[in-house]
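Computed from a prediction, not measured in an experiment: that's the story for all the values here.
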Amino acid sequence: MSDPQGATAVDVLIVGAGFAGIGMGIQLARHGRDSFIIIEQADDVGGTWRDNRYPGVSCDIPSHLYSFSFRPNPEWSRVFAEGREIHAYLRACVREEGLEAHLRLNCALSQAEWNERDARWLVRTTRGDFSAASLVIATGRLSEPKIPPIKNLDGFGGRWWHSARWNAKVSLVGRRIGLVGTGASAIQILPRLAAEASEVVVFQRSAPYVLPRGDREYSREEMERFAADPGTVTALRDELFAEAERSIGARQRRHPDIDLLRQRAVDHLTASVRDPGLRRRLTPDYEIGCKRILFSDDYYAALQLGHVRLESTPLTRIADGSGNAGAEATSGGGNRVAVAASGNSYELDALVLATGFNSTRPSIAGHIRGRESRLLADEWSNGMAAHASTTVHGFPNMYVLDGPNAALGHNSAIYMIETQVGYVLGALDHLAASGADALDVTAEAVRSYMSDIDQMAQDTVWVQGGCTSWYRDERTGRVTLLWPDSAASFGERLATFTPSSYDHLRRRH
Ligand code: NAP
């Protein structure tokens, strides 16, 4: 790809205007680095909080922790804010931090290629070409809906959609709905779905561990106190962070931490579900924490409503309408019979697939070419890997936020994003001071970091817990998405930028 005439030149090009892209933009602006743009393929900012509009969407990390430390919000209406309030917070961040002038909405990356001669990235988008000294990938890991292999899904005569692409045009009132999945999204959806639908069937492939959530509204007095004394917000945030950090011992399978945590979940199940048969079917067959622990005060209650059924095997197919007429009847011009692995079949008007995201193979990696035109997807063909969870060998001046080994199972993702943003600022400062034009992390630095990750992960519940999860790459079983230790240790590890891990490159003319 030759450098085209007319490419708009910027110092930093950020891809994605979710929490990570917005956080990066705010910090660049606050550090006087004004030459940056944020491209966003959608028509609005907000990332996952723009996309997820399912009934009941909210965050299961307390809002005073799940927000930028440098933009506290005394106005959070409740302990666990709903999705639209978080989305509004992000929009306010963009507006009040002056990011609008840097934003290019409806602007999708087509291809990014490193140009060795100029030591710059050439980024082709649906709204023109850009030339950038540095590229920040902030496209998230929970943005591409995963549709499981349900045979004949396209033959379903009712409507179906993914939880992150909610179809608000379809009324659920009086309808028979199948809810597929029992992850963090599904358990928020079920209570709202059950309030409207005439019948709900929950297809469960694995029973989740559920802990009480303890949500409540903040009183006017509390909000006034937060606003009057910002120190109280910081103190609350620190307390919430410390509380979340205490749960890392259980993930590392320390005793009694893991036993106490498991017991809390078992007690919640016992107190919430009377029928021993149902309780058995709702008891996970893997160790607590292996998959994300869920928080809910109304999931079990919703499951026990008269018109809600738990099908404790996965949805495998939509009946094809031929044969088995009794069990596989059709209605309304298409086949509406959903068949579970157990053989049970259900006639349904709509299917909601709360089946998660393609996290381990981000599609953007197929659009980024580094040195010698190497494709990021090829570099990651055995799973995502990066040094400091942020930089990839052969992709100079490129930083991936919220990508490899930067997710958490026990604390706030925003802390991780802020830590990475700090690391990128350190790299940019070092680059400016060094006189070099580009930094390319060495292959050895990446190898050594990944080997540390493998070692940290090996005795944790994520590897030893007897489950599958999106934290691990399905090709190798390696923990490639999750940081398998405390959040604080991630902060310590990335606190200083280490130039010796990088080759310093110069442009060729
Ligand atoms: P997820 O955790 O990946 O859950 C997908 C669910 O679909 C799993 O229960 C999976 O079962 C199930 N599934 C897949 N195919 C199925 C089939 N054919 N039949 C029945 N079940 C099937 O996805 P998610 O719930 O959307 O959550 C993804 C991530 O988003 C979470 O881990 C979390 O990080 C984030 N999230 C956070 C919040 C929050 O409040 N902070 C809310 C929502 C989402 P298996 O478990 O057997 O694979």
Side-chain angles (χ1 to χ4, degrees), residues 58-67 69 79-81 141-142 182-185 187-188 206-216 234-272 283-297 299-300 389 402 405-419 453 455-472 479 481-494:
S58 65
C59 188
D60 61 14
I61 301 286
S63 302
H64 280 287
L65 185 57
Y66 192 85
S67 42
S69 63
V79 175
F80 300 96
R141 59 193 128 76
L142 300 171
T182 51
S185 301
I187 71 148
Q188 292 181 346
S206 323
Y209 282 98
V210 183
L211 290 175
R213 191 163 181 236
D215 191 18
R216 69 170 179 87
T234 311
L236 174 58
R237 185 186 186 89
D238 292 348
E239 197 182 300
L240 292 167
F241 181 84
E243 191 185 327
E245 284 290 80
R246 280 195 284 279
S247 66
I248 190 67
R251 280 22 179 238
Q252 292 165 334
R253 300 192 304 143
R254 278 195 237 129
H255 299 282
D257 309 40
I258 192 162
D259 312 299
L260 293 171
L261 190 65
R262 194 189 313 106
Q263 196 54 49
R264 274 185 65 209
V266 169
D267 290 348
H268 183 49
L269 175 61
T270 309
S272 311
T283 302
D285 61 0
Y286 55 88
E287 184 55 286
I288 190 162
C290 185
K291 289 174 191 282
R292 188 182 172 93
I293 298 172
L294 309 183
F295 296 87
S296 177
D297 296 325
Y299 176 64
Y300 287 142
S389 304
D402 211 8
N405 298 110
L408 283 181
H410 74 287
N411 205 332
S412 170
I414 312 308
Y415 175 85
M416 305 298 273
I417 288 169
E418 286 190 23
T419 300
I453 296 273
Q455 215 168 346
M456 278 189 274
Q458 70 183 0
D459 287 329
T460 65
V461 73
W462 297 298
V463 171
Q464 303 292 341
C467 79
T468 55
S469 77
W470 60 263
Y471 298 147
R472 298 169 79 186
V479 173
L481 262 298
L482 192 86
W483 170 255
D485 200 353
S486 66
S489 75
F490 188 74
E492 284 157 22
R493 182 99 189 209
L494 268 66

#### Entry: Y300 backbone acceptor or donor facing S272 side chain under 3.5 Å
no
### Message
How close do S247 and A244 get, counting heavy atoms only, and between which atoms?
### Response
OG-O, 2.6 Å
### Message
Please enumerate all residues that pass side-chain hydrogen bond (donor to acceptor under 3.5 Å, both in side chains) together with Y286, with sequence neighbours excluded.
### Response
none
### Task
Could you tell me the separation between the CD atom of E287 and the CG atom of L261, rounded to the nearest 0.5 Å?
9.0 Å
### Task
Mind checking ring-ring contact (aromatic ring centres under 6.0 Å, His included) for F295 and listing every partner two or more places apart, or none if nothing turns up?
none
### Message
Can a donor-acceptor pair be found, under 3.5 Å and without considering hydrogens, that links the side chain of W462 to the backbone of G289?
### Response
yes
### CD1 on I288 to CD1 on I293, rounded to 0.5 Å
4.0 Å
### Task
Could you tell me whether a side-chain N or O of S296 sits under 3.5 Å from a main-chain N or O of Y299, the two making a donor and an acceptor?
yes
### Task
Measure the CD-OG distance between E418 and S67 for me, rounded to the nearest 0.5 Å.
8.5 Å
### Expected output: side-chain D485 to main-chain M456 donor-acceptor under 3.5 Å
no
### D257 versus R246, closest heavy-atom pair with distance
OD2-O, 4.4 Å
### Donor-acceptor contact below 3.5 Å, side chain N405 vs main chain L482
yes
### Query
Any luck finding a side-chain donor-acceptor pair between Q263 and D259 under 3.5 Å?
no
### Task
Would you check if the side chain of E245 reaches a backbone N or O of S486 as a donor-acceptor pair within less than 3.5 Å?
no
#### Entry: D459 versus Q252, side-chain donor and acceptor atoms under 3.5 Å
no
### Query
If you look at every heavy atom in A81 and S58, which pair is closest and at what distance?
O-CB, 3.2 Å
### Query
Quick one: CG on L240 to CG on N411, what's the gap to the nearest 0.5 Å?
9.5 Å
### Task
Determine the interplanar angle of the Y415 and F241 rings, folded into 0 to 90°, and report it as parallel if under 30°, tilted if 30 to 60°, perpendicular if over 60°.
tilted
### Message
Nearest 0.5 angstrom please: T460 OG1 to R251 CZ, how far?
### Response
10.5 Å
#### Entry: side-chain hydrogen bond (donor to acceptor under 3.5 Å, both in side chains) partners of H268, counting only residues at least two apart
none
### Message
Return the OG to CG distance between S412 and L65, rounded to the nearest 0.5 Å.
### Response
4.5 Å
### Salt bridge R213-D60, side-chain N to carboxylate O under 4.0 Å
no
